[in-house]
Amino acid sequence: MAGIGNIFLGDDGFGPEVMRRLPTTMADADVRLCDYGIRGVHLAYDLLDGWDSLILVDALPSRGCAGALHVFEVDGESHSGAPGLDAHTMDPAAVFASMRALGGSPPYTVVIGCEVATVADGIGLSEPVAAAIPGAVAAVEAAVARLSAPVREG
């Protein structure tokens with residue numbers, strides 16, 4: 001699981017803040033919690049270790065409803081993103097493009113994102129984005145439980 005975002009750009013720090021609030025008991029041999037911040041290439045290299053799945057927690061562009069949570073799957077194979085390694089871009093498409101440039105392929109990915117109010121210079125989340133943190137933590141816990149559940153044949 002990866003929290004991504006820049007804590008120096010207001011609500012862009014949503015991912016790192018959610019990661020900070022997750023219970024440390026979630027981490028075990030099968031679940032890795034990491035705040036990658038803006039280190040997209042680092043995440044791409046770590047994904048080369050053969051992750052079964054990835055949960056990205058990130059800020060999303062505003063569609064007019066700051067603080068709204070969205071949970072969705074990302075098809076890492078069909079989105080080409082950036083053409084190669086880019087140490088300064090941190091979004092799923094850029095991470096997946098970096099991973100492909102390194103010879104890997106993205107795992108099954110779920111994004112838990114929150115619409116931002118502002119990404120202006122400054123530390124701290126806006127009120128609506130901060131209010132979304134508990135819901136995001138619950139969404140992460142639900143996604144981990146779903147991804148960790150044994151697959152039933154039948």
Side-chain angles (χ1 to χ4, degrees), residues 1-24 26-27 31-49 51 53-102 104-147:
M1 178 173 341
I4 57 178
N6 187 336
I7 63 168
F8 298 109
L9 294 177
D11 291 341
D12 195 49
F14 174 77
E17 185 60 25
V18 170
M19 296 304 292
R20 195 174 73 75
R21 303 272 184 99
L22 291 172
T24 56
M26 286 183 68
V31 178
R32 181 185 329 179
L33 305 176
C34 188
D35 172 11
Y36 283 90
I38 58 172
R39 301 180 329 263
V41 173
H42 182 182
L43 174 56
Y45 273 107
D46 281 355
L47 289 170
L48 291 175
D49 288 341
W51 293 18
S53 57
L54 170 65
I55 299 171
L56 285 175
V57 183
D58 196 7
L60 301 175
S62 177
R63 293 186 191 161
C65 192
L69 287 175
H70 301 276
V71 179
F72 54 94
E73 298 174 12
V74 174
D75 178 2
E77 295 301 324
S78 65
H79 291 83
S80 61
L85 295 174
D86 184 351
H88 302 290
T89 303
M90 186 57 182
D91 63 45
V95 171
F96 296 157
S98 295
M99 189 177 185
R100 280 190 292 279
L102 294 166
S105 61
Y108 171 78
T109 302
V110 174
V111 174
I112 298 171
C114 181
E115 290 186 39
V116 301
T118 180
V119 290
D121 288 348
I123 296 175
L125 302 177
S126 66
E127 188 174 315
V129 173
I133 297 287
V137 168
V140 167
E141 291 172 329
V144 167
R146 183 176 58 85
L147 292 171

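Nothing fancy with the numbering, it's 1 onward along the sequence. No hydrogens, no waters, no symmetry mates; every other heavy atom, side chains included, goes into these values.
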Where [X] and [Y] come nearest, the two heavy atoms and their spacing:
X	Y	answer
Leu54	Phe96	CD2-CE2, 4.2 Å
Ile4	Pro16	O-CD, 3.5 Å
Val116	Ala59	CG1-CB, 3.4 Å
Leu69	Ala132	CD1-O, 3.8 Å
Gly13	Leu125	C-CD2, 3.9 Å
Ala139	Val71	CB-CG2, 4.1 Å

Contact check, side chains of [X] and [Y], non-hydrogen atoms, under 4.5 Å:
X	Y	result
Phe8	Ile123	yes
Ile133	Glu17	yes
Arg20	Ile7	no
Tyr36	Val95	no
Met99	Leu102	no

Checking [X] side chain against [Y] main chain: does a donor-acceptor pair fall under 3.5 Å?
X	Y	result
Asn6	Asp12	no
Trp51	Asp46	yes
Glu115	Ala68	no
Asp11	Ser126	yes

